[in-house]
Structure formats: C-alpha cells, structure tokens
Chemist: 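A single structure is presented below for examination.
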Amino acid sequence: MDVTHILESLNDEQREAVTLGDEHALILAGAGSGKTRVLVHRIAWIIQTMNISPYSILAVTFTNKAAAEMRGRIENLLNVPAGGMWVGTFHGLAHRILRTHYAEAGLPKAFQIIDSDDQLRLLKRIIRDAQIDEAKWPAKQAQWYINNKKDEGLRAQNLDAQGDFMEQQWIDIYKSYQKICDNSGLLDFAEILLRAHELWLKNPSVLADFQRRFRHILVDEFQDTNTIQYAWLRLLAGQTSKVFIVGDDDQSIYGWRGAKVENIQRVQNEFEKMFLVRLEQNYRSTGNILRAANKLIEKNFGRLGKKLWTAGEDGELVKLYTAYNEQDEARFVVETIKQWIEQGNDRKDCAVLYRSNAQSRVLEEALLMENMPYRIYGGMRFFDRAEIKDALAYLRMVASQLDDAAFERVINTPPRGIGEKTLQAIRAQALKDGVSLWDAMALILEAQAVPARASKALNGFLEIINSLLELSGGAGLENLLLAVLEQSGLVEHYKKEKGEKGRARVENLQELVSAVKQFELDSLEAGVDEEFEEMDDLSVFLAYTALESSNGQAEIGDDCVQLMTLHSAKGLEFPMVFMVGMEEGLFPSERSVEEVDRLAEERRLCYVGMTRAEKQLVLTAAEHRRLYGREFYPKVSRFVRELPQDVIVDVRPRAQISTPISRNTFIDEDALDDFQLCLGQIVRHMKFGDGVLLNFEGKGHHVRVQINFYDAGPKWLVLAYANLQPV
DNA sequence: CGCGTCGTGGTTTTT
DNA sequence: CCACGACGCG
C-alpha cells in the first residue's frame with residue numbers, strides 16, 4: 001500500500017512517532033509541535049500498514065471539539081468515513097458503554113445525565129432537607145467534595161472520617177446524594193466515569209470484550225487525565241492493547257480540578273517498553289517568543305524536559321506595556337489592535353487573554369468605545385440557559401418519571417400555585433414510601449392529603465405531563481417539544497418577563513425547536529449508533545444536550561477580536577496575542593502563590609498563554625487597579641521578571657514625559673525601598689505627628705504616600721519632601 | 001407570587 | 001464595585 005501521503009510533510013520526530021511498530025508510545029509534544037497531526041497520521045498509519053480495522057481503534061480526547069476535529073482530519077487523510085472507529089471524549093465513550101450495558105452497570109434503562117447545575121440544585125435541597133446549616137456546609141463545597149472523591153474513584157462507603165466531624169458530615173451528604181441519584185436514575189459527570197470503571201471491574205467478561213476489540217488506544221492531552229480516567233484506560237488496555245499517549249507536562253493547567261500530571265510518569269512505569277518521542281520543533285511562534293517561553297518554563301522543577309525551537313525567524317521582540325491603571329491598559333490594547341488592523345490584518349487574528357473573567361469588562365468597554373467588534377469565549381452554553389433547561393426538564397419528565405431532579409425543576413415552573421408546603425408533603429410522602437416524587441404526588445392526590453386548591457394545581461400539572469406522555473409515542477421529537485412549550489405555559493411565562501431578557505428567552509426557546517429539528521435531521525442522516533438503537537430518540541437527544549452540546553458562540557465566523565481566559569486559550573493560536581493583567585496577585589493569582597505546586601501551575605498557564613502567539617506577543621500590567629471596589633498597587637508579575645530581558649522591549653510612550661527617571665519596571669520593584677519604608681509602618685511627620693503608612697503611588701522621586709495620622713487624619717504627601725522618620 | 005432590599009463574597013472549566 | 005442569593009412584605 002502506498003503510504004507516502006501519510007509521511008510526507010512530517011519532520012523526523014513526527015515520522016518516528018507515526019511509524020512506530022506495534023508498541024506502547026509516549027509522545028511528549030510541545031506547544032505548536034503538531035501533536036494532533038501526529039495523532040491523526042498515526043491512526044492512518046495503523047490502519048493502512050498494520051492491517052488493523054478502524055473498528056479496533058479507540059481515540060480519546062477531552063472536549064467534543066477536539067474529538068470532532070480529530071475525526072474530520074482522519075477522514076480527510078484516509079479519504080473514507082472512519083465509521084466503526086471510536087473517537088470521543090472520556091465521558092462520551094463511557095456513556096456509550098453504559099448505554100449498552102446498563103443492566104450490568106446496575107442502571108435503569110432510561111437513566112439520565114445531570115449537569116453540574118442540576119447537581120448543585122439537588123445538593124442544595126438535600127442539605128436543606130437534612131436540616132444542615134447551609135452556611136456551614138455550602139452545597140458548592142459538597143459538590144466539590146463529591147466530585148473530587150468520585151474523580152479519585154471513591155464511593156461514600158470507601159471513605160472513613162476517622163472521627164473527624166466535618167469529614168463525616170461531607171460523607172453523609174455524599175451518601176444521601178448518591179442514594180437520591182440512584183433512586184432517580186441520575187448520573188452526574190463524574191459518575192459516568194466511575195460507573196463505567198466499576199462495570200468493568202465487576203464484569204470481567206464485558207471488560208474482556210472491549211479489550212479484545214480495541215487493539216490500539218490513542219489519548220490526547222494526557223496531562224489532563226485524572227485518577228479515574230487513568231484507571232479506566234489502564235483497565236481497558238489490559239495486557240494486549242497498545243497505547244499511544246500524547247501529552248505535554250508543561251501544559252498541565254487543570255490540576256485544580258483533579259488532573260494528575262504524574263500520570264505521564266506513571267504510564268512509563270506501568271506499560272512495558274514504552275517508546276518515548278519528543279516533539280520539540282515548533283511551527284507556530286517566532287524565535288523570540290519561544291526563547292521567552294522556554295526561559296519561563298525552565299523555572300519549574302520536576303519537568304520531563306523539553307525545549308522548543310523553530311526553523312523560522314526571530315521575529316519581533318515581546319512587548320511590555322506598563323499602564324497607569326486598567327483603563328489605560330485596555331485603551332492601549334485597543335489602540336494597538338487598531339494599528340495592527342490598519343496594517344492590513346484581521347481582527348479575528350487578535351486575542352486578548354486574561355487570568356480571570358472579571359477582567360473582560362474594562363476591555364469590553366474600551367472595545368465598544370472604539371466600535372470594535374469582539375467576541376468573548378466561554379460564555380454560557382446554549383443548553384445551560386435557564387429557559388432551555390426548563391424545557392428540557394419537561395422532556396426529562398416525559399423520558400422518565402423517576403427523575404426527581406426534573407420534577408423539582410418543573411413542578412412549579414412556570415408558577416402554577418404549587419408552593420413549598422405542597423412540595424414538602426410530596427417529598428415526605430416519597431421518603432416514607434421510597435417512591436419517586438411523581439408517584440408520591442399521585443398518592444397525595446389520591447389520599448386528598450393537601451388542600452383543594454393545591455390539589456387542583458397538582459392535577460393541572462399531572463394532566464400536562466400525562467398528555468405529553470401520550471404524545472411521546474410517535475409524534476416525533478419536534479412535535480413533542482412544541483407541545484411542551486405550548487402546554488407547560490413556558491413561552492407564555494417568559495413572554496411576560498419584561499425587557500430584552502424576556503424576549504431573548506423566548507427566542508432561545510424557539511431556537512431550541514430548531515435545534516431539535518436539526519438533531520432529528522442529523523441522526524436520520526448519520527444513522528443511529530448500535531449502542532443507542534435500543535434507546536428512543538428522546539433519550540438520545542437528552543444525552544446529547546448534556547454531553548455534547550457545544551459552546552454555541554464559539555464559531556469564529558465574523559471578524560472579531562477574541563477575548564478569553566488563559567485557560568480557554570489552550571489549544572488555540574493567534575498571530576497577535578495580548579496577555580493583560582501581568583501583575584502579582586492577579587497573575588499569579590494571590591491564592592496560588594503560597595504553594596509551590598500551584599505557583600508552578602500558574603507558570604505553566606503563563607507558558608500556555610505565551611505559546612499561543614504566532615508573530616507578536618504583548619504583555620501588559622497596570623500600576624494601579626481597582627478590584628472589588630478597592631485600590632491595588634500591584635507589582636509587575638514575577639513571570640515578566642523571569643523572562644529573558646533581551647527579548648523584551650518596554651513600551652510606554654508617555655512614561656518619558658511624566659517620570660524622566662529610570663523606567664525600568666524590573667529594577668523599580670518596590671518604590672518605597674529607597675526610603676527604607678514599608679506599608680503599615682508607623683512614621684513621624686514634623687507637623688502632623690505620628691501616623692500609619694497606608695498606601696503609595698508613583699515611582700522614584702515622584703512617590704506619593706498616604707499616611708493616616710492619628711491626629712490629622714489621612715493625608716497624601718510627596719515622599720521626597722515629607723521628611724518622614726520611621727518610629 | 002413577585003418585587004424590593006439587604007448582605008455577602010468574588011480564580012481558572014469540561015463533561 | 002457589582003452580581004447574585006436570601007429574606008420579607010404587599
């Protein structure tokens with residue numbers, strides 16, 4: 001077979017990785033080194049030279065976007081649809097397995113997936129019902145606790161508080177939560193993985209079937225795998241399958257949500273004769289950008305070690321702008337983008353990256369002021385919107401009346417006169433008889449256990465769901481949804497909501513109808529996967545909305561400036577990149593500087609940000625920032641100081657005018673040092689007496705200090721003339 | 001039930 | 001500072 005088309009256009013290292021024999025392999029792929037390309041070409045190589053059917057290949061990624069891209073590129077390269085091949089996210093694949101083996105996994109056939117929002121609501125209710133003090137035991141924290149334990153593969157019964165009262169409380173909440181989920185046939189995201197793992201542990205024959213099938217397992221972004229994902233992979237690979245693992249320890253930025261970089265080390269110990277290939281040639285950035293990024297990441301300890309290089313030009317220097325405040329910073333960014341566009345470039349080739357979402361606001365204002373179109377990444381997903389979730393919850397009620405979470409959401413949305421009292425009665429009944437809320441409601445109505453008024457309202461709700469149930473047989477998804485919107489009164493309800501918001505909600509609901517229509521068309525065309533053919537359209541659609549719905553606005557159709565957090569920039573690239581807010585306390589985040597590991601992760605985040613840039617990288621910092629309604633005078637980020645000075649140029653046009661003395665932001669770290677003063681210190685002034693040094697601004701001889709004098713109150717003084725004495 | 005007021009807390013995000 | 005959630009009143 002002619003395989004030249006697979007190998008041409010690859011460099012030596014890429015080719016080495018792609019053409020490895022029937023071996024385990026670990027590919028350390030630096031930023032911009034063509035890792036997706038290697039993955040895709042490797043799959044083509046396996047299929048075309050190793051006599052392996054696509055049916056025997058499993059490719060795992062983290063996001064649906066990455067999975068879709070990979071599938072598309074494989075089909076492109078092979079020039080055939082890669083039908084039988086499994087390409088998907090950990091969650092998508094595990095879900096697929098659970099659908100086929102729901103009985104062995106101890107799940108009801110119509111099990112439903114809940115997202116983190118549903119999970120939080122459920123936990124809130126559980127904590128409230130158990131009469132636990134919500135202030136002391138916030139649902140948010142319970143959610144965090146439970147998901148963490150599940151990510152570690154731990155069930156409540158595996159946990160031992162060892163007499164720790166706090167821990168015991170969390171365990172108890174975990175227990176009650178899991179009980180409700182199990183009774184209602186609900187799976188949260190972490191549960192999907194945990195269940196799939198347990199399914200294999202408890203049913204060796206099921207595991208053996210999958211092990212026999214998948215001869216080659218390929219994993220992308222391996223540094224982001226958590227404990228349960230690793231265990232799942234390890235189990236699946238068994239003794240016979242070959243793994244091809246691609247990752248970059250320097251781009252591990254999700255440790256805070258359970259990702260274990262150590263898995264890269266672990267995989268080398270646990271799989272025999274693992275080939276290691278480093279991809280270090282970078283095709284994305286200029287030499288100067290790479291030199292800066294390399295120098296930064298070298299500061300981290302315990303790296304596997306990698307140094308990016310390019311055959312390309314040095315390019316422009318990395319720019320640094322020290323702004324007076326965040327408005328000035330935003331102004332500078334917009335101004336620079338304007339100039340760049342005047343030189344004939346596109347807005348969409350500019351990205352502004354920030355550490356936290358709160359920083360986007362000032363930038364947006366500046367962009368709006370200049371009428372510059374922009375797009376913010378990572379907003380709320382379409383299927384996460386409240387009105388959409390309302391409509392979906394009705395559909396969930398139709399799919400399964402066991403679904404207590406959907407029941408809770410929908411019973412009084414829109415308001416139909418069913419209050420907390422009535423709901424309490426239903427919950428009590430459900431608890432007493434061990435039945436679902438839906439069944440409990442029927443019992444209550446039968447026993448006439450609530451006032452006539454409430455009874456009437458409940459009956460109204462009952463009828464809505466019943467009539468939807470009747471329709472669900474053969475009317476088709478679209479008609480079912482239309483009936484939901486009509487009979488539930490949701491559209492009516494949101495129409496009444498005044499202002500732009502209400503209108504947008506109604507439009508979204510209409511958009512949902514289009515989404516259903518499109519979904520029906522797509523599944524008709526693609527044909528239903530074997531795992532799902534047992535399932536009705538409705539359940540397939542609901543699983544899709546929870547698991548596969550994309551970010552909605554992430555399509556880069558228009559020519560817009562791109563705004564996003566550093567985290568969501570991972571995997572993307574732009575000719576022109578701004579990293580704003582390069583300040584101590586902001587980036588690295590104040591909450592990360594205490595611990596070495598967390599600081600190292602921040603540094604990797606900075607590395608990820610820098611390596612997004614192709615041609616021009618601009619760093620900005622503000623000397624003065626208002627945050628949370630308070631004033632801050634941050635130092636320039638240590639990350640800026642860690643960069644090689646010779647690839648950075650300090651651009652600050654106005655600086656020469658206002659402060660003629662040394663404008664070097666690196667040396668001028670602490671303006672108070674020259675005067676041997678520090679914040680909080682008590683000082684004496686000739687005229688005002690003693691006071692506390694509260695604040696300062698400016699640099700060098702222009703430093704002004706704020707002192708709160710015991711007698712005279714707070715005053716701003718020019719330090720050079722104030723003649724202060726430390727007390 | 002809906003609206004207003006007060007109080008609090010406030011990285012990073014995918015599935 | 002500002003957004004969101006809890007609570008109380010009409």
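Quick note on labels: first sequence line is chain A, next is B, and so on, each numbered from 1. The analysis underlying the following values was restricted to heavy atoms, covering all of them including side chains, and did not include hydrogens, waters or symmetry mates.
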Chemist: Round to a whole Å and report the spacing from CD of Gln327(A) to C1' of dC1(C).
Modeler: 12 Å
Chemist: Base, sugar-phosphate, or nothing for Gly419(A), non-hydrogen atoms under 4.0 angstrom?
Modeler: nothing
Chemist: Kindly give the atom pairs (protein nitrogen or oxygen, nucleotide nitrogen or oxygen) under 3.5 Å for nucleotides 7-9 of chain B.
Modeler:
none

Chemist: Is Phe62(A) stacked on the base of dT15(B) when the test is centres under 5.5 angstrom and planes under 30 degrees?
Modeler: no
Chemist: If each of Pro415(A) and Asn64(A) is mapped to the nucleotide of DNA chain B with the nearest heavy atom, which maps nearer the 5' terminus, i.e. the 5' end?
Modeler: Pro415(A)
Chemist: May I ask you to say what Arg453(A) touches in the nucleic acid, namely base, sugar-phosphate or nothing, with a heavy-atom cut-off under 4.0 Å?
Modeler: nothing
Chemist: What verdict does the side-chain contact (heavy atoms from CB on, under 4.5 Å) test give for Ser592(A) and Glu601(A), after you've listed the backbone C-alpha separation in whole Å, the side-chain angles of each residue and the deciding distance to 0.1 Å?
Modeler: CA-CA 9 Å; Ser592(A) 302; Glu601(A) 183 156 305; over 6 Å; no
Chemist: Apply side-chain contact (heavy atoms from CB on, under 4.5 Å) to the pair Gln562(A) and Tyr374(A), showing each step before the final yes or no.
Modeler: CA-CA 6 Å; Gln562(A) 316 285 316; Tyr374(A) 65 91; over 6 Å; no
Chemist: Would you mind reading off the distance between Leu586(A) atom CG and dG10(B) atom C1', rounded to a whole angstrom?
Modeler: 13 Å
Chemist: Is Thr611(A) reaching over with its side chain to a backbone N or O of Tyr607(A), donor-acceptor style, under 3.5 angstrom?
Modeler: yes
Chemist: At 4.0 Å (heavy atoms only), tell me whether Ser568(A) reaches a base, stays on the sugar-phosphate, or touches nothing.
Modeler: sugar-phosphate
Chemist: Step by step, work out the side-chain contact (heavy atoms from CB on, under 4.5 Å) result for Trp170(A) and Ile146(A).
Modeler: CA-CA 8 Å; Trp170(A) 292 127; Ile146(A) 292 169; over 6 Å; no
Chemist: Test of understanding: with ring pair (Phe, Tyr, Trp, His ring centres under 6.0 Å), list the residues that count as partners of Phe407(A), not counting sequence neighbours.
Modeler: Phe461(A)
Chemist: Between dC2(C) and dT13(B), how many Å separate the two C1' atoms, rounded to a whole number?
Modeler: 23 Å
Chemist: Should Asn357(A) be listed as having a side-chain N or O under 4.0 Å from OP1 or OP2 of dG10(B)?
Modeler: no
Chemist: Which whole-number value in Å describes the distance from Asp117(A) CG to dT13(B) C1'?
Modeler: 14 Å
Chemist: Just how far, in rounded Å, is P of dG2(B) from NE2 of His493(A)?
Modeler: 6 Å
Chemist: Just the rounded figure in Å: distance from P of dT15(B) to NZ of Lys570(A).
Modeler: 12 Å
Chemist: Measure from the side-chain heavy atoms of Ser356(A) and tell me the nearest of dT12(B), dT15(B), dA6(C).
Modeler: dT12(B)
Chemist: Let's go through Asn325(A) and Arg625(A) carefully: what are the C-alpha distance in whole Å and the side-chain angles of both, what is the deciding distance for side-chain contact (heavy atoms from CB on, under 4.5 Å) to 0.1 Å, and is it a yes or a no?
Modeler: CA-CA 5 Å; Asn325(A) 55 32; Arg625(A) 188 177 290 274; over 6 Å; no
Chemist: Output all residues satisfying salt bridge (Lys or Arg N to Asp or Glu O under 4.0 Å) with Arg361(A), sequence neighbours left out; order by chain, then residue number.
Modeler: none
Chemist: Can you list the steps and then say if Phe519(A) with Tyr544(A) is a ring pair (Phe, Tyr, Trp, His ring centres under 6.0 Å)?
Modeler: CA-CA 9 Å; Phe519(A) 178 81; Tyr544(A) 164 79; 5.2 Å; yes
Chemist: Does a side-chain N or O of Thr565(A) approach OP1 or OP2 of dT13(B) to a distance below 4.0 Å, or not?
Modeler: yes
Chemist: Measure from the ring center of Phe210(A) to the ring center of His101(A) and say whether it is less than 6.0 Å.
Modeler: yes
Chemist: Can you tell me if Tyr377(A) touches the phosphate of dT12(B), counting only side-chain N or O atoms and a distance under 4.0 Å to OP1 or OP2?
Modeler: no
Chemist: In terms of side-chain heavy atoms of Arg355(A), which of dT12(B), dT15(B), dG10(B) is nearest?
Modeler: dT12(B)
Chemist: Of all the choices, dT12(B), dT15(B), dC1(B), which nucleotide is nearest to the side chain of His567(A) once you look at every atom?
Modeler: dT12(B)
Chemist: For DNA chain B, what residues of residues 589-602 of chain A have any heavy atom nearer than 4.0 Å?
Modeler: Ser589(A), Arg591(A), Ser592(A), Arg598(A), Glu602(A)
Chemist: Counting side-chain heavy atoms from CB outward, which of dT15(B), dC1(B), dT13(B) is closest to Arg381(A)?
Modeler: dT15(B)
Chemist: Give one of base, sugar-phosphate or nothing for Arg630(A), where a contact means two heavy atoms less than 4.0 Å apart.
Modeler: nothing
Chemist: Let me know the distance between CD of Gln119(A) and C1' of dT13(B), rounded to the nearest Å.
Modeler: 14 Å
Chemist: Say we look at dT11(B) and dC4(C): how far apart would their P atoms be, to the nearest angstrom?
Modeler: 13 Å
Chemist: Checking all strands, does Asn412(A) fall into the base, sugar-phosphate, or nothing category for heavy-atom contacts under 4.0 angstrom?
Modeler: sugar-phosphate
Chemist: For nucleotides 2-4 of chain C, give me every protein contact, N/O to N/O, under 3.5 Å, one pair per line with atom names.
Modeler:
residue	atom	partner	partner atom	Å
dC2(C)	O5'	Arg361(A)	NH2	3.2
dA3(C)	OP1	Arg361(A)	NH1	2.5
dA3(C)	OP1	Arg361(A)	NH2	3.4

Chemist: Identify whether NZ of Lys or CZ of Arg in Arg155(A) sits under 6.0 Å from the centre of the six-membered ring of Tyr174(A) and within 45° of that ring's axis.
Modeler: no
Chemist: As an exercise, state the distance from NZ of Lys150(A) to CG of Asp188(A), rounded to the nearest 0.5 Å.
Modeler: 3.5 Å
Chemist: Would you please classify the geometry between the Trp256(A) ring and the Tyr254(A) ring as parallel, tilted or perpendicular, with 30° and 60° separating the classes?
Modeler: tilted
Chemist: If you only use heavy atoms from C-beta on, which nucleotide in dT14(B), dT15(B), dG10(B) is closest to the side chain of Phe189(A)?
Modeler: dT15(B)
Chemist: List in chain and number order the residues that pass side chain to side chain donor-acceptor pair (under 3.5 Å) with Arg638(A), two or more places apart in sequence or in another chain; answer none if no residue qualifies.
Modeler: Glu584(A)
Chemist: Check the distance between dC1(B)'s P and Ile418(A)'s CD1 and give it to me in whole angstrom.
Modeler: 9 Å
Chemist: Stepwise, does the ring pair (Phe, Tyr, Trp, His ring centres under 6.0 Å) test hold for Phe90(A) with His95(A)?
Modeler: CA-CA 8 Å; Phe90(A) 280 99; His95(A) 171 241; over 10 Å; no
Chemist: Would you mind reading off the distance between Lys140(A) atom NZ and dG5(C) atom P, rounded to a whole angstrom?
Modeler: 9 Å
Chemist: Where each residue is assigned the nucleotide of DNA chain B containing its nearest heavy atom, which of Leu566(A) and Gly629(A) is assigned the position nearer the 5′ end?
Modeler: Gly629(A)
